Participant: 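My questions will all concern the structure given below.
Quick caveat: nothing in here was measured; it's all calculated off a predicted structure.
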Amino acid sequence: MKKDIEDTIKVEYHLGDTEMMIENRCMEILYGRCCSYGFIIPGSFEIVKRSPPMLTNMENGGMMYTIVKFKAIAVTLHRGEVIKGRIMKVSPKLGSSANIIVDDTVVADVILPNDMQLPSMKLKEGDNVNIKIMISSYGVGWERIRGVGIVTEKLDHYSESDDSDDGLNQSEVKNVRVLAVTSVSKNAKGSKVHIT
């Protein structure tokens, strides 16, 4: 789910820019948004190095930019993964929606259609639940990851410290088949959309 990433980004450069100004410009582009690796966790961004200022072209004075190499933590959701969430809205006829919260940041919106849920599962706003991800997608610049899931159980309380990377328990491992497919497609605007 969480992974350390290292990538580059091209940002505008103005004469006299300090490292802090360049970092702020990078954060305006990346924070609270998805990049090609997933949702960037705010506060995890760190500049590794940057290029000297360059001109795009000489016509009309050109525009200066710099290439910044950075490290950050990105979040993705994968098919079959079970993750904690909080019910945000319930529509009796259609289903529910939930938020996935990582490091005190809402990283994903998950739709929980009624026809995919257990009939005995009665959900209400504010419930903390475990959600099995059926499909998820994100595109560069999206505010959050989007997904569809199934509620596997209601939780008495929610605490991120309860999260563990132990994966499936022994009884679940016996009945596992690999069904995950990862693909990259383009949406109508030509941006890459990642579906897992």
Side-chain angles (χ1 to χ4, degrees), residues 1-81 83-86 88 97-111 131 133 135-149 160-161 163-165 180-196:
M1 188 174 110
K2 286 200 307 190
K3 60 185 173 187
D4 294 323
I5 63 165
E6 199 167 293
D7 202 358
T8 58
I9 186 171
K10 179 179 173 180
V11 294
E12 253 185 80
Y13 180 87
H14 304 285
L15 288 175
D17 273 356
T18 63
E19 290 295 314
M20 184 59 76
M21 292 172 168
I22 293 169
E23 185 174 332
N24 288 340
R25 211 165 286 132
C26 292
M27 289 189 291
E28 285 174 18
I29 296 168
L30 294 173
Y31 273 23
R33 303 211 175 277
C34 295
C35 72
S36 58
Y37 294 97
F39 185 91
I40 299 290
I41 297 289
S44 68
F45 180 87
E46 177 186 337
I47 292 178
V48 176
K49 63 182 177 180
R50 67 176 178 87
S51 71
M54 297 177 261
L55 275 174
T56 53
N57 58 42
M58 295 303 286
E59 295 175 18
N60 301 321
M63 185 179 111
M64 293 179 73
Y65 66 92
T66 183
I67 306 292
V68 176
K69 184 175 183 178
F70 68 91
K71 292 193 295 187
I73 297 173
V75 174
T76 55
L77 302 178
H78 300 283
R79 183 184 181 126
E81 179 177 22
I83 190 164
K84 291 182 176 79
R86 182 169 290 131
M88 299 309 292
S97 65
N99 284 344
I100 305 297
I101 302 168
V102 176
D103 293 346
D104 298 323
T105 303
V106 177
V107 301
D109 297 316
V110 179
I111 298 170
I131 299 169
I133 303 299
I135 190 168
S136 70
S137 63
Y138 62 90
V140 175
W142 287 14
E143 287 186 9
R144 294 185 184 125
I145 300 168
R146 299 174 190 153
V148 176
E160 286 189 44
S161 61
D163 290 338
S164 65
D165 294 329
V181 176
T182 301
S183 65
V184 177
S185 61
K186 290 194 173 191
N187 65 13
K189 294 182 182 177
S191 299
K192 287 184 179 178
V193 177
H194 302 263
I195 301 169
T196 58

Participant: Out of the candidates Val48, Ile29, Ile22, only one should pair with Val68 under the side chain to side chain contact (heavy atoms under 4.5 Å, CB included) rule; please name it.
Facilitator: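 Output: one option passes, namely Ile22.
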Participant: Can you tell me how far CD1 of Ile41 sits from NZ of Lys2, rounded to the nearest 0.5 angstrom?
Facilitator: 6.5 Å
Participant: Determine, step by step, whether Glu143 and Arg33 satisfy the side-chain contact (heavy atoms from CB on, under 4.5 Å) criterion, reporting the C-alpha distance in whole Å, the side-chain angles of both residues, the deciding distance to 0.1 Å, and the verdict.
Facilitator: CA-CA 4 Å; Glu143 287 186 9; Arg33 303 211 175 277; 3.2 Å; yes
Participant: Atom NZ of residue position Lys71 - does it have more than 12 heavy atoms of other residues, nucleotides or ligands inside 6.0 Å?
Facilitator: no
Participant: Might you point out which heavy atoms bring Tyr37 and Tyr138 nearest each other, and give the distance in Å?
Facilitator: C-OH, 3.5 Å
Participant: Do you know the tightest heavy-atom contact between Ile9 and Cys26?
Facilitator: CG2-SG, 3.9 Å
Participant: Let me see the working for Ile100 and Val106 under side-chain contact (heavy atoms from CB on, under 4.5 Å), right down to the final yes or no.
Facilitator: CA-CA 6 Å; Ile100 305 297; Val106 177; over 6 Å; no
Participant: Would you name the heavy atoms of Val140 and Ser36 that are closest together and state the gap between them?
Facilitator: CG2-N, 3.8 Å
Participant: Looking at every non-hydrogen atom in both residues, tell me the closest pair between His78 and Ile133 and how far apart they are.
Facilitator: O-CB, 3.6 Å
Participant: For Thr66, give me all partners under side chain to side chain donor-acceptor pair (under 3.5 Å), at least two apart in sequence or on another chain.
Facilitator: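 For Thr66 the side chain to side chain donor-acceptor pair (under 3.5 Å) partners, ignoring immediate neighbours, are Ser51.
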Participant: Could you go step by step and tell me if Glu28 and Val11 meet the side-chain contact (heavy atoms from CB on, under 4.5 Å) rule?
Facilitator: CA-CA 10 Å; Glu28 285 174 18; Val11 294; over 6 Å; no
Participant: Could you tell me which non-hydrogen atom of Arg144 sits nearest to which non-hydrogen atom of Phe39, and how far apart they are?
Facilitator: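 Shortest heavy-atom separation between Arg144 and Phe39 comes out as CA-CD1, 4.2 Å.
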Participant: Holding to side chain to side chain donor-acceptor pair (under 3.5 Å), I want the full list of residues that pass it with Arg146, two or more places apart in sequence or in another chain.
Facilitator: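 Once residues adjacent in sequence are excluded, Arg146 has no partner under the side chain to side chain donor-acceptor pair (under 3.5 Å) criterion.
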Participant: More than 12 non-hydrogen atoms from neighbouring residues, nucleotides or ligands closer than 6.0 Å to CD1 on Ile47, yes or no?
Facilitator: yes
Participant: Which heavy atom in Ile145 sits nearest to a heavy atom in Thr76, and how many Å separate them?
Facilitator: CD1-CA, 4.0 Å
Participant: Working note: Asp17 + Glu12, criterion side-chain contact (heavy atoms from CB on, under 4.5 Å); need CA distance, chi angles, decisive distance, verdict.
Facilitator: CA-CA 10 Å; Asp17 273 356; Glu12 253 185 80; over 6 Å; no
Participant: Could you work out, with side chain to side chain donor-acceptor pair (under 3.5 Å) as the rule, every residue matching Lys69, not counting sequence neighbours?
Facilitator: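 Testing Lys69 for side chain to side chain donor-acceptor pair (under 3.5 Å), a comparison that skips the adjacent residues, returns Glu6.
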Participant: To the nearest 0.5 angstrom, please state how far the CG atom of Asp109 sits from the OG atom of Ser136.
Facilitator: 12.0 Å
Participant: Side chain to side chain contact (heavy atoms under 4.5 Å, CB included) with Ile40: which of Val75, Val107, Ile5?
Facilitator: Ile5
